Amino acid sequence: MEIVIDTVSKAYGNTQALDEVSMSVSRGELFGLIGPDGAGKTTLMRILTSLLLPDKGRAELAGLDSRKDFKALRNILGYMPGRFSLYQDLSVEENLTFFASIFGEKFDPDFYLIRDIYAQLAPFKKRLAGRLSGGMKQKLALCCALIHKPRILILDEPTTGVDAVSRKEFWDMLSQLRQEQITTLVSTPYMDEAVRCDRVALIQAGKIMDINTPAGVVDSFKPELYSIATPHIYQTLLALKEYNDTYSVYPFGQVIHFIPTDASVSPHKVQDYLTKKGIEAVSITPALPNIEDCFMELMQDEHTNG
Amino acid sequence: MRTILFILQKEFIQIFRNKTMLPLIFALPVVQLVVLVNAATFELKNVDIAIVDYDNTSTSRQLISHFDASPFFNVAMVPSTDHGMTALLDNSADVILTIPADFDRELRRENAGSVQFLVNAIDGMAAGLINVYASSIVQGFHQEIITGWFDIASGGSGLPVQITHRFWYNPNLIYSIYMLPGILVILVTVIGMFLTAINIVREKEMGTIEQINVTPVKKYQFIAGKLFPFMVIALFEFAFGLLIGRLFFNLPILGSLWLLFLVAFVFLLVALGLGLFLSVISSTQQQVMFTIFFFLLMFILMSGIFTPVESMPQWAQNINIINPFVYFMKANRMILLKGSGFMDVLNDLAALSVYAFIALGFAVWRYRKTV
């Protein structure tokens with residue numbers, strides 16, 4: 001196992017940011033850490049990068065203890081913090097040169113790990129990092145994190161605040177890196193990005209809810225799922241939230257996804273209920289769950305049980 | 001070692017790229033030196049003196065003419081002490097001199113006339129100076145009439161002891177020469193300390209320190225990389241200030257420049273070390289500005305640049321043992337004005353070295369490569 005996290009806990013005052021988190025990532029895996037804001041993703045990553053010490057538990061990366069062997073660890077780690085953390089008043093080229101040199105490397109645009117990414121940055125190499133677009137900033141940050149050929153890459157919400165096209169490009173790059181045997185741990189609040197990972201962990205309120213492959217997550221989705229199309233989305237949502245047989249209901253793109261408390265609740269029954277509530281022109285069809293539904297369901301589960 | 005060089009290279013690129021800071025670094029010292037050195041002096045000129053002459057004899061007029069002749073006093077005659085008081089109240093007079101009606105007679109008969117000074121002492125320092133100036137004029141007058149009236153050779157009473165002064169190291173008491181080294185000290189400290197401290201806190205605010213912290217850069221490398229550029233700037237600033245002093249204020253540079261820069265270097269290690277320490281324990285620019293401001297004000301006002309350390313109460317003088325400014329200002333003035341040598345400033349240099357060691361040690365120790 002390349003990354004082993006063993007019952008790690010961390011609290012900030014009264015807030016339990018991480019609660020006995022355990023998981024492991026194998027060599028060369030692209031591992032996603034999915035969870036809403038404040039779930040504890042950043043805290044976990046900071047513990048792994050030895051920027052934070054856990055209150056309890058331990059983390060081991062490439063056989064190195066994050067607490068004891070932090071010096072050796074920092075040589076094999078590529079880290080991209082959630083906030084853009086390169087020097088905004090240095091140019092693209094200067095940032096790369098600087099970060100290469102403090103790892104004792106030379107910046108080489110043809111270095112195989114960064115070649116493809118840098119090709120997109122090259123036209124702007126004289127531009128100050130602070131003046132780059134959001135997507136370009138992320139590519140530069142990834143370049144800087146890769147420049148010393150890290151064994152493990154830790155990326156904290158690399159696609160937050162980046163447009164859809166750049167997000168897709170970014171994930172394409174990560175997929176390529178997987179072929180280089182670089183273990184990548186990436187966090188994201190976007191559930192749709194989970195399918196790009198080998199395995200994902202769903203984290204919420206400092207706890208890991210589930211660890212599985214994206215397909216496995218979908219397969220494990222048990223309940224009936226209905227898609228409700230209606231021009232009155234808001235009223236329908238309100239009505240269904242008060243409905244006795246509702247297990248979960250949430251907007252999903254242009255439609256509403258609805259999970260009944262048990263399979264015996266038929267679409268007709270729901271339709272009748274809505275008609276009674278004065279909401280017409282509703283079509284209810286069974287839907288195939290995708291990964292977002294699974295996460296919504298898992299989180300819902302946590303709410304009702306916890 | 002190579003890592004430090006790369007960090008330095010990066011720092012210098014950033015400093016010289018900052019289009020607002022760089023001109024400030026050079027413009028501020030010129031303005032401060034020219035304005036402050038000329039403005040902050042203990043010399044009093046244009047003291048408004050209201051004179052009430054109840055005696056109205058040639059002797060009293062002779063005394064008045066002494067004040068008239070002095071470049072420090074603007075004489076206004078008023079008919080009575082009450083008029084003088086009015087002038088004192090509305091600030092048109094700083095001091096009232098009352099010459100009593102029998103001044104001339106007493107002086108001739110008893111050889112002891114008396115006059116009265118009423119000094120506006122709202123500003124205690126100015127009042128003291130006015131008193132000294134006025135007294136010395138009266139003394140000069142006294143000596144003149146005595147030598148006029150009595151023949152010293154015939155054994156008549158001259159003044160029993162005649163006191164003459166000679167001011168060493170600054171014979172003409174040019175205050176700018178006294179003030180300039182002090183102001184220079186403040187200037188290089190402000191520049192060095194603020195720039196260093198703000199630089200690190202800025203890395204924290206921008207988040208860049210998080211990226212640096214996960215690299216193998218060592219603590220001392222990072223601190224050295226931050227220290228060196230601002231040391232260079234501050235020393236340059238010091239040289240620049242000396243040059244301005246030499247060119248515009250005729251500042252004497254009697255001692256060795258090497259020694260002077262050695263002391264300046266050690267002092268700056270202290271100042272920048274303090275700045276670094278304060279910045280590693282602060283998380284925002286606001287915090288670090290406030291704490292540095294606090295220390296600077298304390299250090300400056302206690303340092304003896306505006307009020308002599310010797311006149312401070314004992315406890316304050318004791319506090320000054322930990323004031324790095326005191327040592328540097330003293331050594332600075334000694335080397336510049338007296339031409340003191342290495343052995344003369346050894347104590348100050350040693351004190352500053354200990355201080356530098358502690359300040360830098362604390363900065364490296366407190367700098368955590370964590371968040």
Side-chain angles (χ1 to χ4, degrees), chain A residues 10 12 42-43 45-54 61 66-67 69-91 93-107 128-130 137 140-141 144-145 147-148 150 152-154 156, chain B residues 1-25 195 198-226 228-230 233 280 283-285 364 366-371:
Chain A
K10 176 79 191 177
Y12 300 107
T42 299
T43 305
M45 294 198 148
R46 284 183 168 168
I47 286 172
L48 292 178
T49 50
S50 74
L51 285 171
L52 268 184
L53 292 177
L61 297 94
S66 74
R67 188 193 295 263
D69 311 316
F70 69 94
K71 279 185 182 155
L73 184 59
R74 283 170 181 177
N75 278 309
I76 59 153
L77 220 55
Y79 174 49
M80 195 174 146
R83 214 169 115 205
F84 183 68
S85 300
L86 303 179
Y87 291 98
Q88 315 233 10
D89 49 353
L90 292 184
S91 70
E93 216 174 17
E94 285 162 347
N95 265 303
L96 286 163
T97 310
F98 175 68
F99 281 101
S101 60
I102 55 175
F103 280 98
E105 304 276 341
K106 261 195 124 56
F107 164 53
L128 297 188
K137 276 184 182 163
L140 175 59
C144 281
I147 205 150
H148 57 287
I152 297 172
L153 198 55
I154 293 181
D156 191 2
Chain B
M1 197 55 218
R2 269 166 56 86
T3 311
I4 294 187
L5 288 181
F6 290 124
I7 298 177
L8 286 180
Q9 184 190 22
K10 179 215 110 197
E11 294 295 336
F12 276 114
I13 292 178
Q14 287 182 302
I15 292 167
F16 286 107
R17 188 159 287 163
N18 194 330
K19 291 283 178 282
T20 38
M21 273 318 290
L22 208 59
L24 280 181
I25 292 174
L195 286 183
I198 287 174
N199 185 287
I200 289 203
V201 177
R202 211 178 113 81
E203 290 231 14
K204 286 189 188 175
E205 284 189 341
M206 300 294 289
T208 48
I209 206 159
E210 194 172 341
Q211 192 85 59
I212 290 288
N213 282 348
V214 290
T215 66
V217 169
K218 297 197 171 52
K219 291 207 268 182
Y220 79 89
Q221 292 173 328
F222 182 77
I223 296 280
K226 291 291 176 195
F228 185 77
F230 299 107
I233 289 177
V280 296
S283 44
T284 64
Q285 298 196 27
V364 176
R366 267 299 298 165
Y367 167 51
R368 292 285 147 84
K369 284 189 73 177
T370 50
V371 282

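Only this structure's heavy atoms are used, side chains among them; waters, hydrogens and symmetry mates stay out. The sequence lines fix the lettering, A, B, ..., with proteins before strands; numbering per chain opens at 1. Quick caveat, the model's predicted, so the values are computed rather than measured.
In the displayed structure, B:Phe228 atom CZ is contacted under 6.0 Å by at most 12 heavy atoms of other residues, nucleotides or ligands. Enclosure of atom CZ in B:Arg202 is not indicated, since only 12 or fewer non-hydrogen atoms of other residues, nucleotides or ligands lie within 6.0 angstrom.
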Start with the C-alpha gap between A:Leu90 and B:Lys10, add the side-chain angles, then the distance that decides, and say whether side-chain contact (heavy atoms from CB on, under 4.5 Å) holds.
CA-CA 8 Å; A:Leu90 292 184; B:Lys10 179 215 110 197; 3.6 Å; yes
Working note: A:Arg46 + B:Glu210, criterion salt bridge (charged side-chain N to carboxylate O under 4.0 Å, His left out); need CA distance, chi angles, decisive distance, verdict.
CA-CA 10 Å; A:Arg46 284 183 168 168; B:Glu210 194 172 341; 3.0 Å; yes
Stepwise, does the side-chain contact (heavy atoms from CB on, under 4.5 Å) test hold for A:Glu94 with B:Gln14?
CA-CA 10 Å; A:Glu94 285 162 347; B:Gln14 287 182 302; over 6 Å; no
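Only the backbone of A:Phe84 comes within contact range of chain B, judged by heavy atoms closer than 4.5 Å. Looking at A:Leu128, the atoms closer than 4.5 Å to chain B (heavy atoms on both sides) all sit in the side chain, from C-beta outward.
The shortest side-chain heavy-atom distance between B:Asn18 and A:Asp89 does not fall under the 4.5 Å cut-off. In this structure the side chain of B:Ile7 reaches within 4.5 angstrom of the side chain of A:Phe98, judged on heavy atoms. You'll find the side chain of B:Gln211 reaches within 4.5 Å of the side chain of A:Leu86, heavy atoms only. A:Tyr87 is not listed as a side-chain neighbour of B:Met206, based on a closest heavy-atom distance of 4.5 Å or more.
For the options B:Glu203, B:Gln9, B:Arg2, heavy-atom pairs under 4.5 Å to chain A are most numerous at B:Glu203. Ranking A:Ala141, A:Pro81, A:Gly82 against chain B, the residue ahead of the rest is A:Pro81, based on heavy-atom pairs under 4.5 Å. Contact count versus chain B (heavy atoms, under 4.5 Å) is highest, among A:Gln88, A:Lys71, A:Arg83, for A:Arg83.
The structure places CD1 of B:Ile212 at 10.0 Å from OG of A:Ser85, a figure rounded to the nearest 0.5 Å. With rounding to the nearest 0.5 Å, the separation of CZ in A:Arg74 from OG1 in B:Thr215 is 8.0 Å.
Using a distance-only test at 3.5 Å, with no hydrogens or angles considered, no donor-acceptor pair links the side chain of B:Thr3 to the main chain of A:Ile102.
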